[in-house]
Colleague: 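Input: one structure, supplied below.
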Number of protein chains: 4
Amino acid sequence: MSGTLNKVMLIGHLGDEVKMHYFEGGGCVGRFPLATNETYVSKQTNERVTNTEWHNIVVRNKAAEICEKYLSKGDRIYVEGRLKTRKWQDDSGNERYSTEIQCTDFTFLTTKKESEGQASNKMDPKKSIDNQQMANEPIGEEDDDLPF
Amino acid sequence: MSGTLNKVMLIGHLGDEVKMHYFEGGGCVGRFPLATNETYVSKQTNERVTNTEWHNIVVRNKAAEICEKYLSKGDRIYVEGRLKTRKWQDDSGNERYSTEIQCTDFTFLTTKKESEGQASNKMDPKKSIDNQQMANEPIGEEDDDLPF
Amino acid sequence: MSGTLNKVMLIGHLGDEVKMHYFEGGGCVGRFPLATNETYVSKQTNERVTNTEWHNIVVRNKAAEICEKYLSKGDRIYVEGRLKTRKWQDDSGNERYSTEIQCTDFTFLTTKKESEGQASNKMDPKKSIDNQQMANEPIGEEDDDLPF
Amino acid sequence: MSGTLNKVMLIGHLGDEVKMHYFEGGGCVGRFPLATNETYVSKQTNERVTNTEWHNIVVRNKAAEICEKYLSKGDRIYVEGRLKTRKWQDDSGNERYSTEIQCTDFTFLTTKKESEGQASNKMDPKKSIDNQQMANEPIGEEDDDLPF
DNA sequence: TTTT
DNA sequence: TTTT
């Protein structure tokens, strides 16, 4: 309906472990920072400069559990998702904004023994459906009544 | 699992109407050609050259029905999908190959009265699920037993 | 080198006019807010809910001038770019973060007379090069000495 | 100008070595097959099925030379490009079509000693520019007069 | 806080 | 013809 598109595609490395948060209703959310790098040659100094960009990845439910189980700090992953900027209040009552990538799909790019045969949510349509849904409900709601 | 990605993103115009094909089991598939243009300045002649590229779009089930209902020749659409090369035999028995875009998502970019409030499959998660499934089964199978 | 990817693809509508800022060295930057919508059916209320997400688009140099010339509030555009989170200080000296989309490519999706034949930066490779460069230098530097 | 988009994004493994072809004017083109996999559970048999899709990747000039130098059969790579269907004649004079991905950007995802610090065309804007140009000229023309 |  |  909306005629719009909101898509982010990242390949990067986890800067930390996946941090899980479980909701009362049974849903859960995982979060982890993802680093991407950009390298260019400065025109001023003629030196190579590397900038690291950090992205806040948010994964939900089944997908979050898979990420927690198979991903570790340093691992490389492909993440697809949507941009979402959350509003929150700091301790002084100021409005703050935080931009997150709500993950809708991912593929593990680091090969690890334990993750063999399990590294992607693409192998099971149900997991993809979870991911799809994940992006359709604001974080904070419980996703406890999955229809399958 | 596979650690691979197969994604196509197109914005283009329909070169023809959506052609539907219905399977016995109740599934269906819609096909239409999509044109994208590329313009560049030839280094030889210094003239602007426009090339049109034609893409074979394949949509399935609910998504196909929505496309047939709301899309017409000339309409602009955003299509997301996967590349798939089909093998077939021509009349002389020669092996032929045809590359298609198996649509997994789309957004209408032409505003038409009839399609108002309905132009995208993104408004209804179920339709997205259909699309998701669509890409998980080879064309030719019937998708008659949707689990929802 | 880095083996990473940082890509954003948006189709949305301008929430305001393009605001230009010119640097002393001759470079310039344009900024505008872009709205994307997401619609879903709430599981709690069974009602359709529409959320609007706002994105801060940043365009540079030639590309910025093209955007300023041909884009107006309400226009639809496809934007491709990279995510970049800037750190700044508010009046109280607090660290604040703002996430922007550094535009590397775009295509106008609204047809307007004035923009006919000019609506995209894709028609002129040089403009693409500018865009490409744009993403390689931090905002704040002047891009006045293009090497071609 | 055209208001269209033609983008392919793949992560896959090389099925063979990069095959180079040098033009008289000094330009060159590299080609290699790239495999992506899709896995799903068949609704008929309830078994997991894996399909491999093969993509014809075409890279040009500097980018082709980098690929030839650092990529080998089996390596994983991210490829971004445009779809292009070429028309050719088989021995019987029949019209045939072959769809290729004209590579505009890539990132190596396999870590190999030899490729350290060199694995992507993203580290040098000039190489990106070559890639950008690459897609602006039909294959078959010689790119012998690069302006940088 | 990642990686090369 | 790749990979897991």
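Each chain gets a letter, A, B and so on, in the order the sequences are listed, and its residues count up from 1.
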Colleague: How long is the straight-line distance from CG of L34(D) back to CD1 of I57(D), given to the nearest 0.5 Å?
Modeller: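 Here the interatomic distance stands at 5.0 Å.
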Colleague: Can you tell me how far P of dT3(F) sits from NE2 of H13(D), to the nearest Å?
Modeller: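 Spelled out: NE2 on H13(D) to P on dT3(F) is 7 Å.
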Colleague: Atom CG of N51(A) to atom C1' of dT2(E): distance rounded to whole Å?
Modeller: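 The answer, rounded to whole Å, is 14 Å.
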Colleague: Could you check how far OH of Y78(A) sits from P of dT4(F), rounded to whole Å?
Modeller: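 These atoms are roughly 20 Å apart.
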Colleague: Atom CG of N37(D) and atom C1' of dT3(F): how far apart are they, to the nearest Å?
Modeller: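 Rounded to the whole Å, the gap is 6 Å.
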Colleague: Can you tell me how far CD1 of I11(D) sits from NZ of K7(B), rounded to the nearest 0.5 angstrom?
Modeller: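 Result: 10.5 Å between the selected atoms.
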Colleague: Under 4.0 Å between any heavy atoms, over every strand shown, what does T52(A) touch: base, sugar-phosphate, or nothing? Just pick one.
Modeller: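 Answer is base: heavy atoms of T52(A) come under 4.0 Å of a base.
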Colleague: Is the shortest distance from a Lys or Arg side-chain nitrogen in R96(D) or D90(D) to a carboxylate oxygen in the other one below 4.0 Å?
Modeller: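 Judged by the 4.0 Å cut-off on N to carboxylate O distance, R96(D) and D90(D) do form a salt bridge.
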Colleague: Which is true for G12(A) with a 4.0 Å heavy-atom rule: it touches a base, it touches only sugar-phosphate, or it touches nothing?
Modeller: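 Contact class for G12(A): none.
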Colleague: Looking at E38(D) and R82(B), is any side-chain nitrogen of the basic one under 4.0 Å from a carboxylate oxygen of the acidic one?
Modeller: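 Salt bridge: yes.
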Colleague: Please report the distance, rounded to the nearest Å, between CZ in R76(A) and C1' in dT4(E).
Modeller: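 Computing the R76(A):CZ to dT4(E):C1' distance gives 9 Å.
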Colleague: Starting at atom CD of E53(D), determine the distance to atom P of dT4(F), rounded to an integer number of angstrom.
Modeller: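 Rounded to whole Å, this separation is 20 Å.
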Colleague: Going by modelled atom types, is there a donor-acceptor pair between the base of dT3(F) and the side chain of T4(B) at under 3.5 Å?
Modeller: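 Side chain to base: no pair present.
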Colleague: Nearest-Å distance, CG (L83(C)) to P (dT2(E))?
Modeller: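 From L83(C) CG to dT2(E) P: 20 Å.
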Colleague: Between C1' on dT3(E) and NE2 on H55(A), what's the gap in Å once rounded to a whole number?
Modeller: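 So the NE2-C1' distance, H55(A) to dT3(E), works out to 13 Å.
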